[in-house]
K.L.:
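The structure under discussion is supplied below as structure tokens; questions concerning it will follow.
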Number of protein chains: 2
Amino acid sequence: MTASEHEHALYKKIALFFFAYRSLNEKPDRIAEKYAIQRVHHRILFFIGHLPGLSVNELLTILEVTKQALNVPLRQLREKNYITTDSDPHDKRIKRLHLTGSGSELLQELTAVQMEQLQAIIDKVGASHIAAWTKVMEEYAEERPGSKYLDSL
Amino acid sequence: MTASEHEHALYKKIALFFFAYRSLNEKPDRIAEKYAIQRVHHRILFFIGHLPGLSVNELLTILEVTKQALNVPLRQLREKNYITTDSDPHDKRIKRLHLTGSGSELLQELTAVQMEQLQAIIDKVGASHIAAWTKVMEEYAEERPGSKYLDSL
DNA sequence: AGGAATAGGTCAATCTTGTTGACGTATTCC
DNA sequence: GGAATACGTCAACAAGATTGACCTATTCCT
């Protein structure tokens, strides 16, 4: 392979990333619309869902947004009764975030379509391909501060 | 593996997607800032760069935005002399988009960091893993209207 | 020839998501 | 008792997108 062909191959993979990311979010975005929430809300539910008791600060680290940007959707989710907060017994400054029953249900609905989509691809390409895919994605994710929560996810 | 463990494994992969996509765009976004342009402009340059002579309509299909959303950044890129347009000889309604010299240079600078990042991962995980990763991403990309341009990319 | 369709451009109003900066409260650390 | 931390919130602003309306130029079709 020439240097130019090699560059070309890399270029195509970057384009694939763009298309793939859109496909991942398309269906959940449409479901979220029905509940008058957006992708941010989905993300918040997603991480609280598998990291119950997460603090606001930890969520900020994962999502890499400012506290002002997180505050509004977080309040909306509380008002819509999708999440609850209770203060840490050992440090009352810290708020621990949890999903309510309806929050879990909503998350389930949002995530189900992504899981089914991924499962369909796994069925098609085979489990070994997925292991390799995951390895590559882990390399990408490694430089993110929120990646330290991946194991507990 | 139990059904729950399996779900958990899928969940983690979806989180990986989120983190990975952020890592992919972080560096180019910072470079773009220096030129007072944004991620949309990068995307436009990206696709015109390897699909020279692309029409506005084709670009709309690839990016999946409205023509109003595309119009502003496209005009800005023209004003900054990063792209040129000339009308199709066979159908004068169609504008063919091309990069200028400085447009190519800028794209090169933006894309280089993404290529280096990907190359570093390839060097680490091995080429066979990348082939598998690409296969999975192609499956995701398949449902996007713009994916038909991937081969010519 | 003439009307419909296509490619493109643009104005206006609106929305969402995010930013920076400033300020306030409660709690804990030292 | 003062500094630092966790969290909340207000305001101003910018980017990126949407829908809807309207315009020109060109081509297609009958």
Side-chain angles (χ1 to χ4, degrees), chain A residues 18 21-22 25-26 28-46 48 53-80 83-98 145, chain B residues 18 21-22 25-26 28-46 48 53-80 83-98 145:
Chain A
F18 168 71
Y21 193 69
R22 277 185 110 86
N25 288 302
E26 190 188 31
D29 279 356
R30 278 211 300 262
I31 293 170
E33 267 181 59
K34 295 193 305 179
Y35 294 88
I37 59 169
Q38 283 77 39
R39 202 184 290 183
V40 214
H41 302 88
H42 180 188
R43 283 180 188 155
I44 294 170
L45 294 174
F46 183 94
I48 297 178
L54 200 67
S55 75
V56 174
N57 248 336
E58 289 168 330
L59 193 49
L60 287 174
T61 301
I62 290 171
L63 299 180
E64 291 177 69
V65 293
T66 60
K67 59 175 178 173
Q68 293 91 328
L70 181 58
N71 189 36
V72 175
L74 210 49
R75 186 170 58 225
Q76 290 165 340
L77 288 174
R78 221 182 295 124
E79 284 165 359
K80 288 175 186 246
I83 63 172
T84 58
T85 63
D86 58 296
S87 54
D88 187 288
H90 299 302
D91 187 340
K92 291 176 193 167
R93 290 174 302 180
I94 302 172
K95 282 200 180 172
R96 297 288 168 195
L97 303 167
H98 297 272
Chain B
F18 169 71
Y21 193 70
R22 278 186 111 84
N25 288 302
E26 191 187 30
D29 280 355
R30 279 211 301 262
I31 294 170
E33 266 180 61
K34 295 192 305 179
Y35 294 88
I37 58 168
Q38 282 77 39
R39 201 183 291 183
V40 214
H41 302 88
H42 179 188
R43 283 179 188 156
I44 294 171
L45 293 175
F46 183 94
I48 297 179
L54 199 66
S55 74
V56 175
N57 249 336
E58 289 168 331
L59 193 49
L60 287 175
T61 301
I62 289 171
L63 300 180
E64 290 177 68
V65 293
T66 60
K67 61 174 178 175
Q68 292 92 329
L70 181 59
N71 189 37
V72 175
L74 210 49
R75 186 170 58 226
Q76 290 164 341
L77 288 173
R78 220 182 297 125
E79 284 165 359
K80 286 173 188 253
I83 62 172
T84 57
T85 61
D86 58 296
S87 54
D88 187 289
H90 299 301
D91 186 340
K92 290 176 194 166
R93 290 173 301 179
I94 302 172
K95 282 200 179 171
R96 298 285 168 199
L97 303 167
H98 297 272

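No experiment lies behind these values; they were computed from the predicted model shown. By convention in this document, chain letters (A, B, ...) are assigned in the order of the sequence lines, proteins followed by strands, and residues within each chain are numbered from 1. Just the heavy atoms: all of them, side chains too, but no hydrogens, waters or symmetry mates, feed the values below.
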K.L.:
Starting at atom CG of Leu77(A), determine the distance to atom C1' of dT17(C), rounded to an integer number of angstrom.
P.N.:
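Answer to the nearest Å: 14 Å.
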K.L.:
Write down the distance between CD (Glu26(A)) and C1' (dA17(D)), rounded to a whole number of angstrom.
P.N.:
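Rounded to whole Å, this separation is 16 Å.
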K.L.:
OP1 or OP2 of dT17(C) less than 4.0 angstrom from a side-chain nitrogen or oxygen of Arg39(A), does that happen here?
P.N.:
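Negative; the distance criterion is not met.
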K.L.:
Tell me which nucleotide among dA17(D), dA22(C), dT5(D) gets nearest to the side chain of Arg93(A).
P.N.:
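So the nucleotide nearest the side chain must be dT5(D).
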K.L.:
How close or far is atom P of dT20(C) from atom CG of Leu60(A), stated in whole angstroms?
P.N.:
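Whole-Å distance recorded here is 13 Å.
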K.L.:
Please classify the nucleic acid contact of Asn71(A) as base, sugar-phosphate, or nothing, using heavy-atom distances under 4.0 Å.
P.N.:
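Answer is base: heavy atoms of Asn71(A) come under 4.0 Å of a base.
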K.L.:
Heavy atoms from C-beta onward define the side chain here; which of dT10(C), dT20(C), dA17(D) lies closest to that of Val65(B)?
P.N.:
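The answer is dA17(D).
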K.L.:
Whole angstroms only, please: what is the CZ-P distance between Arg96(B) and dG8(C)?
P.N.:
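Distance, rounded to whole Å: 8 Å.
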K.L.:
Please confirm whether the shortest side-chain N or O distance from Gln38(B) to OP1 or OP2 of dG16(D) is below 4.0 Å.
P.N.:
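Yes, such a contact exists.
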K.L.:
In whole angstrom, what separates Glu64(B)'s CD from dA17(D)'s C1'?
P.N.:
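Distance check: Glu64(B) CD to dA17(D) C1' gives 14 Å.
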K.L.:
What does Arg78(B) touch in the nucleic acid at a heavy-atom separation under 4.0 angstrom: a base, only the sugar-phosphate, or nothing?
P.N.:
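The residue Arg78(B) makes sugar-phosphate contact but no base contact.
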K.L.:
Between CD of Gln76(A) and CZ of Arg78(A), what distance do you get to the nearest 0.5 Å?
P.N.:
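The CD atom of Gln76(A) sits 10.5 Å away from the CZ atom of Arg78(A).
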K.L.:
Sort and list the pairs that fulfil side chain to side chain donor-acceptor pair (under 3.5 Å) and have at least one residue in residues 83-92 of chain B, not counting sequence neighbours.
P.N.:
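Qualifying pairs, neighbours excluded: Asp86(B)-His98(B), Asp88(B)-Arg96(B), Asp91(B)-Arg93(B).
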K.L.:
Using 0.5 Å steps for rounding, measure from the CG atom of Leu59(B) to the CD1 atom of Ile44(B).
P.N.:
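If I round to the nearest 0.5 Å, the distance is 6.0 Å.
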K.L.:
Within the structure, does a side-chain N or O atom of Thr66(B) lie under 4.0 Å from either OP1 or OP2 of dA17(D)?
P.N.:
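Answer is no, no contact under 4.0 Å.
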K.L.:
At 4.0 Å (heavy atoms only), tell me whether Lys92(A) reaches a base, stays on the sugar-phosphate, or touches nothing.
P.N.:
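Sugar-phosphate only.
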K.L.:
Rounding to an integer number of Å, can you tell me how far Asp86(A) CG sits from dA6(D) P?
P.N.:
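Between P of dA6(D) and CG of Asp86(A): 17 Å.
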K.L.:
Measure the spacing between NE2 of His42(A) and CZ of Arg39(A) and express it to the nearest 0.5 Å.
P.N.:
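Here the interatomic distance stands at 10.0 Å.
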K.L.:
Roughly how many Å is it from NE2 in His90(A) to P in dT27(C), rounded to a whole number?
P.N.:
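In whole Å, dT27(C) P and His90(A) NE2 are 17 Å from each other.
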K.L.:
Once you round to the nearest 0.5 Å, how far does CD1 of Ile94(B) lie from CD of Glu58(B)?
P.N.:
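Nearest 0.5 Å value for the CD1-CD distance: 7.5 Å.
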K.L.:
Reading DNA chain C from 5' onward, which residue's closest nucleotide shows up sooner: Lys95(B) or Leu70(A)?
P.N.:
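The answer here is Lys95(B).
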K.L.:
Is a donor-acceptor pair below 3.5 Å formed from side chain Gln68(B) to base dG20(D), judging by atom type as modelled?
P.N.:
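Side chain to base: pair present.
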K.L.:
CG of Asp29(B) versus P of dA14(D): gap in Å, rounded?
P.N.:
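It is 19 Å, rounded to the nearest whole Å.
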K.L.:
Rounded to 10°, tell me the angle between the two end axes of the helix from dA1(C)-dT30(D) to dC30(C)-dG1(D), each built from five pairs.
P.N.:
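Comparing the axis at each end, I get an angle of 30°.
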K.L.:
Test side-chain contact (heavy atoms from CB on, under 4.5 Å) on Glu33(A) and Asp29(A); report intermediate values, then the result.
P.N.:
CA-CA 6 Å; Glu33(A) 267 181 59; Asp29(A) 279 356; 5.6 Å; no
K.L.:
Using modelled atom types and a 3.5 Å cut-off, is there a donor and acceptor pairing between side-chain atoms of Arg43(B) and backbone atoms of Phe18(A)?
P.N.:
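Looks like no, no N/O pair under 3.5 Å.
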K.L.:
Closest nucleotide of DNA chain C for Asp91(A) versus for Ile37(A): which of these residues is on the 5' side?
P.N.:
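Its nearest nucleotide being more 5', the pick is Ile37(A).
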K.L.:
The side chain of Lys67(B) lies closest to which of these nucleotides: dA17(D), dT17(C), dT10(C)?
P.N.:
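In terms of side-chain proximity for Lys67(B), the closest of dA17(D), dT17(C), dT10(C) is dT10(C).
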K.L.:
Any side-chain heavy-atom pair from Ile62(B) and Leu54(B) closer than 4.5 angstrom?
P.N.:
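Side-chain contact under 4.5 Å: yes.
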K.L.:
What's the closest nucleotide to the Val56(B) side chain, out of dT20(C), dG9(C), dA17(D)?
P.N.:
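For the Val56(B) side chain, the nearest candidate turns out to be dG9(C).
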K.L.:
From the list dA17(D), dT9(D), dT17(C), which nucleotide is the closest neighbour of the side chain of Val40(A)?
P.N.:
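Nearest nucleotide to the side chain: dT17(C).
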